[in-house]
2 protein chains.
Amino acid sequence: MSLPSPVPKESLQESLQQVVHLLRRHKLVEDLVHKQDMPHHDLVEGLVHKQNLTELARKLEQLHPADIAYILESLPLDDRLMVWSLVHSDREGDILLEVSDAVRETLLADMDQHEILAAAEHLDAEELADLAPDLPQQVVNQLLGNLEEEERAQLQSALSFREDQIGSLMDYDMVSIRDDVRLEVVLRYLRRFDELPHHTDKLFVVDGEHMLKGVLPVKRLLVNDPDLMVHEVMATDVVVFRPDDKVGAAAQAFERYDLISAPVVDSVGKVIGRLTVDMMVDVIREESESEVLSFAGLTEDEDLFSSVWKSARNRWPWLAINIVTAIIVSRVIGAFEATTASIVALAALAPIISGIGGNSGSQTATIIIRALALGQVNLGSTRRLIAKEFGIALLNGLLWGGVLGIVALIIYGKPGLGLVMALAMLLNFQVAAAVGLFVPLTMHKLGRDPAYGSSVFLTFMTDGMGNLIFYGLATLFLLRHI
Amino acid sequence: MSLPSPVPKESLQESLQQVVHLLRRHKLVEDLVHKQDMPHHDLVEGLVHKQNLTELARKLEQLHPADIAYILESLPLDDRLMVWSLVHSDREGDILLEVSDAVRETLLADMDQHEILAAAEHLDAEELADLAPDLPQQVVNQLLGNLEEEERAQLQSALSFREDQIGSLMDYDMVSIRDDVRLEVVLRYLRRFDELPHHTDKLFVVDGEHMLKGVLPVKRLLVNDPDLMVHEVMATDVVVFRPDDKVGAAAQAFERYDLISAPVVDSVGKVIGRLTVDMMVDVIREESESEVLSFAGLTEDEDLFSSVWKSARNRWPWLAINIVTAIIVSRVIGAFEATTASIVALAALAPIISGIGGNSGSQTATIIIRALALGQVNLGSTRRLIAKEFGIALLNGLLWGGVLGIVALIIYGKPGLGLVMALAMLLNFQVAAAVGLFVPLTMHKLGRDPAYGSSVFLTFMTDGMGNLIFYGLATLFLLRHI
């Protein structure tokens, strides 16, 4: 495989600029043709027109599929499809694997069944498995029909696992050797390959039943005497995975033990596949992105250049939920209309109580969600964590509640109002700690992702309870004294 | 180097449970000794006492440094220091490299200068560079004195770079070869090593001046005829980095091109170091964590078990800023006291306007911050992005503004109030889009991290403007009609 030269990041930006430049030149010529009302295939214009596209196609040929994917993602839809039409069909498969789901959808929508099949032809089972969920069922069936028996079995196996299980993304391409041969023999065996599978840092040592007995790191193969036997040199302390292990846990293990590749074995210890660090890097990146997106209630990755209508719909579910909770909070405040009417200052002060409660609660939730993700919350530590967070809430409540009480006193000159302010802030810090702690912990216990949805419920509780506490205290203590 | 067997994630949780169990048993015995008022060194109790700790120490010896780091992070301070005291000094250095900054601090605080020096003894220059910023200057000086000339130069060079530059974390351990020898010779040369540097997937091909001429992937070394010359087999399309390149850009390149290692060259092309994927994985993980933490205004990584006082202080700066902005918003509402006094409903409705504005703005900001991080915002696309976000804001404003107007009408039965509500919501969606767009874009233009601080300013603006617009419109249109 001789890939075009990959380039470091700076030149990637330059490549993008060049593509944009060529596209713009191409469009200028087109506009000219249109405006001057010249025949579309006027010879000279046609040549210039063609020249820009030819140059663009040549430029694309020199780029790594990952770079083309990046450029496609950075371009508005019309430009994107123009560039996509210039890409060679034997590279389309690799590029489809690299682009984000949202952009992949726009590219596939532009291809007919024949084109998709041609693009998928060059992919192996595990790559097809990655693509299959986005393809029309008809195309998937045809792909299955075109595959060799072994690859078809692999693809079907890969498709039988959930997306968060290792089985869905493991690689079937690996080198296995026996343990009763000399390194010399292994070296000769490897020379029979045209090329080794990517990321081969270790060979899997198996017995006649393909049961894993150990691994021979390539490093050891290279530094040891070729007359030694494999079993004398191999490592037997191997990190192995099962196909139903969670992808996230595997990524953490790769990170922790600095792995490059690792065998996947079935329940009896037979080697059935391989994980490599490049997939794990993608997993880590995707996990972090989906966490950031879910903070803002973006249900899925958004194509930067998707239509207003499509993007807006992507953002609606979260906005809708927030509007419902906001209306409920509004009714809570509305219930104290009489109090507000006689003490108008409450309307100006209440948002402080609820806002700061939300801030403090999200700090607690962030700490707990991280600890849960790292598996650092265990029976022994939960009680301490809870005590600590309530301790912080008490400290913060006394401090900031006091500050805000004094501020309210200074502004409105009413000691009662200052006291109610301080007390409400103190109590809402406790509410925030409780919600920030127990929502993620409960979600985790129910087997759900604690990051998802925590923020909506947190804001709802700190807003609702904050207002209830503040207006309630004011009604209790201030109404009769006024 | 024969590390103890690494174990996959499930067993890691079990290891943690075992450690916790042994610690608890140890404490039980201690308590017994105390409570029964027996002499502290009673023979039998002393034996049981010792037995638990011995077992614990044996358990720790079997664990990978990364696993011990994980266990230390998962334990409260007293337990953590107990476990730390049982770790062999020749493994302490590796563990210090693995733990988070906050936990490292607690461990270092428990060690005297002599212990720190002993732990650091086993580390190489680039590992020391990682640790050095957390060590007392005195210890760093002594470490520099203990090093060989070459390593000292490397450490000083590493310390001269900023933390976000490649030079601060590149590795000096690598294998270089000449291009005018046969693969056979390279294979024999490698056998003279006791062990190859970790993550050696390619050998660097250099000339007499140590200028990079290409790389020989180990895969090619293994499959090709040993009689071939290095220059016939080597790859010349190499991704190289400069020591002053940004760490984040390097991590993106590793991810994009599925790299395992890559050479770092100076301005004339001389190879001076090496980057490996394990460091890049750490970079990606740290970047995503700091992003998540900064969303909640947590200035730095928090030790899960640090004291209430310390954690609280970590959370104060953000709370303080939010309190100041909340007070300003409160004054905005306060300015409309007369309006509120005559239309009390405003107090219940205003939080909806400001809250939903904040939600919508954070969606816009998240999209833009991600696009900026990926370098996908360029001159050609910025205008489109801005148009798209305002388009979404208009659509959302009409839809949700309409919904909320009707809700207000139903609750309060006043058409004027419903209209003001709808109009205010529509306008605040525009404010949210404007702030969500221009704050990150401006931060980025100023060369600052757009994620950091955007959320505080965003909430401030959507709260402040939301209330100003709502109360302002109410004052204009409703006061005279009532």
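Since the structure is predicted, the reported quantities are computational estimates derived from the model, not experimental observations. Excluded from the calculations below are hydrogen atoms, water molecules and symmetry mates; all remaining heavy atoms, backbone and side chain alike, are included. Per chain, numbering begins at 1; letters A, B, ... match sequence-line order.
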Trainee: Can you tell which part of A:Ile260 gets under 4.5 Å to a heavy atom of chain B, answering side chain, backbone, both or neither?
Mentor: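 Contact with chain B: side chain only.
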
Trainee: Is A:Leu304 in contact with chain B via its backbone, its side chain, both, or neither, using a 4.5 Å heavy-atom distance?
Mentor: both

Trainee: Side chain, backbone, both or neither: which part of B:Ala365 has an atom under 4.5 Å from a heavy atom of chain A?
Mentor: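 Neither; nothing under 4.5 Å.
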
Trainee: Pick whichever of B:Ala350, B:Ala371, B:Pro226, B:Gly355 has the most heavy-atom pairs under 4.5 Å with chain A.
Mentor: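 Most pairs with chain A among the choices: B:Pro226.
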
Trainee: Given heavy-atom pairs under 4.5 angstrom as the criterion, report whether the side chain, backbone, both or neither of A:Ile368 touches chain B.
Mentor: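 Looking at A:Ile368, nothing touches chain B.
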
Trainee: Using non-hydrogen atoms and a 4.5 Å limit, figure out which bit of A:Leu346 sits close to chain B: side chain, backbone, both or neither.
Mentor: neither

Trainee: Among B:Leu349, B:Ile323, B:Ile369, which residue has the highest count of heavy-atom pairs closer than 4.5 Å to chain A?
Mentor: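 When all of B:Leu349, B:Ile323, B:Ile369 are compared, B:Ile323 has the most.
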
Trainee: Of all of A:Arg285, A:Glu337, A:Glu287, which one pairs up most often with chain B through heavy atoms under 4.5 Å apart?
Mentor: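 Highest number of heavy-atom pairs under 4.5 Å: A:Arg285.
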
Trainee: Please classify the contact between A:Ala320 and chain B as side chain, backbone, both or neither, with a heavy-atom cut-off of under 4.5 Å.
Mentor: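 Contact with chain B involves both backbone and side-chain atoms of A:Ala320.
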
Trainee: Quick check: does any side chain N or O of B:Ser311 sit under 3.5 Å from a backbone N or O of B:Val308, one acting as donor and the other as acceptor?
Mentor: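 A pair under 3.5 Å: no.
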
Trainee: Go through the atoms of A:Asp194 and report whether side chain, backbone, both or neither lie under 4.5 Å from a heavy atom of chain B.
Mentor: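 For A:Asp194, the backbone is the part near chain B, not the side chain.
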
Trainee: Applying side-chain contact (heavy atoms from CB on, under 4.5 Å) to A:Asp278 and A:His199, what does each step give before you reach the verdict?
Mentor: CA-CA 8 Å; A:Asp278 53 328; A:His199 288 68; 3.9 Å; yes

Trainee: Within the side chain of A:Asp245, is there an N or O that forms a donor-acceptor pair under 3.5 Å with the backbone of A:Phe241?
Mentor: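 Flag not set: sc A:Asp245 to bb A:Phe241 has no pair under 3.5 Å.
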
Trainee: So which part of A:Phe254 gets closer than 4.5 Å to some heavy atom of chain B, the side chain, the backbone, both or neither?
Mentor: neither

Trainee: What part of A:Thr366 gets closer than 4.5 Å to chain B, counting heavy atoms only: side chain, backbone, both or neither?
Mentor: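 Side chain of A:Thr366 only, per the 4.5 Å heavy-atom cut-off to chain B.
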
Trainee: Rounded to the nearest 0.5 Å, what separates atom CD1 in A:Ile353 from atom CG in A:Asp463?
Mentor: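 If we round to the nearest 0.5 Å, A:Ile353:CD1 and A:Asp463:CG are 12.0 Å apart.
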
Trainee: Heavy-atom distance under 4.5 Å to chain A: side chain of B:Thr459, backbone, both or neither?
Mentor: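 Contact with chain A involves no heavy atom of B:Thr459 at all.
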
Trainee: Considering only NZ, NE, NH1 and NH2 on the basic side and carboxylate oxygens on the acidic side, decide whether A:Arg315 and B:Glu389 come within less than 4.0 Å.
Mentor: yes

Trainee: What part of A:Ser455 gets within 4.5 angstrom of chain B, counting heavy atoms only: side chain, backbone, both, or neither?
Mentor: neither

Trainee: Check each atom of A:Pro217 against the heavy atoms of chain B and say whether the ones under 4.5 Å are side chain, backbone, both or neither.
Mentor: neither

Trainee: Counting only heavy atoms closer than 4.5 Å, note whether A:Leu75 contacts chain B via side chain, backbone, both or neither.
Mentor: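 Answer is neither: A:Leu75 stays 4.5 Å or more from chain B.
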
Trainee: For the candidates B:Ala66, B:Ala251, B:Ser354, B:Pro197, which exhibits the highest count of non-hydrogen atom pairs separated by less than 4.5 Å from chain A?
Mentor: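 Ranked by heavy-atom pairs under 4.5 Å with chain A, first place is B:Ala66.
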
Trainee: Look at B:Ile367, B:Leu395, B:Ile71, B:Ile411 and state which one has the largest set of heavy-atom pairs under 4.5 Å with chain A.
Mentor: B:Ile367

Trainee: Distance from B:Asp201 atom CG to B:Thr276 atom OG1, nearest 0.5 Å?
Mentor: 10.0 Å

Trainee: As an exercise, state the distance from CG of B:Leu293 to CZ of A:Arg370, rounded to the nearest 0.5 Å.
Mentor: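 Here the rounded value is 5.0 Å.
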
Trainee: Select one option (side chain, backbone, both, neither) describing which atoms of B:Asn224 are under 4.5 Å from chain A's heavy atoms.
Mentor: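 Interface part for B:Asn224: backbone (N, CA, C, O).
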
Trainee: Please check: side-chain N/O of A:Ser360 versus main-chain N/O of A:Ile356, any donor-acceptor pairing under 3.5 Å?
Mentor: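 Answer holds: no.
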
Trainee: Let me know if A:Arg331 has heavy atoms under 4.5 Å from chain B in its side chain, its backbone, both or neither.
Mentor: side chain

Trainee: Under a 4.5 Å cutoff for heavy-atom pairs, which residue among A:Thr340, A:Asn322, A:Leu394 has the most contacts with chain B?
Mentor: A:Asn322

Trainee: Under 4.5 Å heavy-atom distance to chain B, tell me which part of A:Thr364 shows up: side chain, backbone, both or neither.
Mentor: both

Trainee: Taking the side chain as every heavy atom from C-beta outward, state whether B:Gln252 and B:Ile284 have any atom pair closer than 4.5 Å.
Mentor: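 No, side chains not in contact.
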
Trainee: So, B:Ser330 side chain and B:Ala326 main chain: donor-acceptor pair closer than 3.5 Å or not?
Mentor: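 Not a single qualifying donor-acceptor pair exists.
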
Trainee: Taking side chain as everything from C-beta outward and backbone as N, CA, C, O, which of these in A:Val329 sits under 4.5 Å from a heavy atom of chain B? Side chain, backbone, both or neither.
Mentor: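 No part of it gets close to chain B.
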
Trainee: Should the ring pair A:Trp400 and B:Trp316 be called parallel, tilted or perpendicular, given that the plane angle runs from 0 to 90° and is split at 30 and 60?
Mentor: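 Perpendicular.
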
Trainee: Among A:Leu222, A:Leu385, A:Thr325, who wins on heavy-atom pairs under 4.5 Å with chain B?
Mentor: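 Result: the option with the highest number of such pairs is A:Leu222.
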
Trainee: Using atom types as modelled and distance alone, determine if a side-chain donor or acceptor of A:Glu98 lies under 3.5 Å from a backbone N or O of B:Arg256.
Mentor: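 Looks like no, no N/O pair under 3.5 Å.
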
Trainee: Under 3.5 Å, side chain of A:Ser74 to main-chain N/O of A:Tyr70, donor-acceptor pair present?
Mentor: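 Checking the backbone N and O of A:Tyr70 against the side chain of A:Ser74, a donor-acceptor pair under 3.5 Å is found.
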
Trainee: Start with the C-alpha gap between A:Leu404 and B:Ile327, add the side-chain angles, then the distance that decides, and say whether side-chain contact (heavy atoms from CB on, under 4.5 Å) holds.
Mentor: CA-CA 9 Å; A:Leu404 287 171; B:Ile327 291 175; 3.9 Å; yes

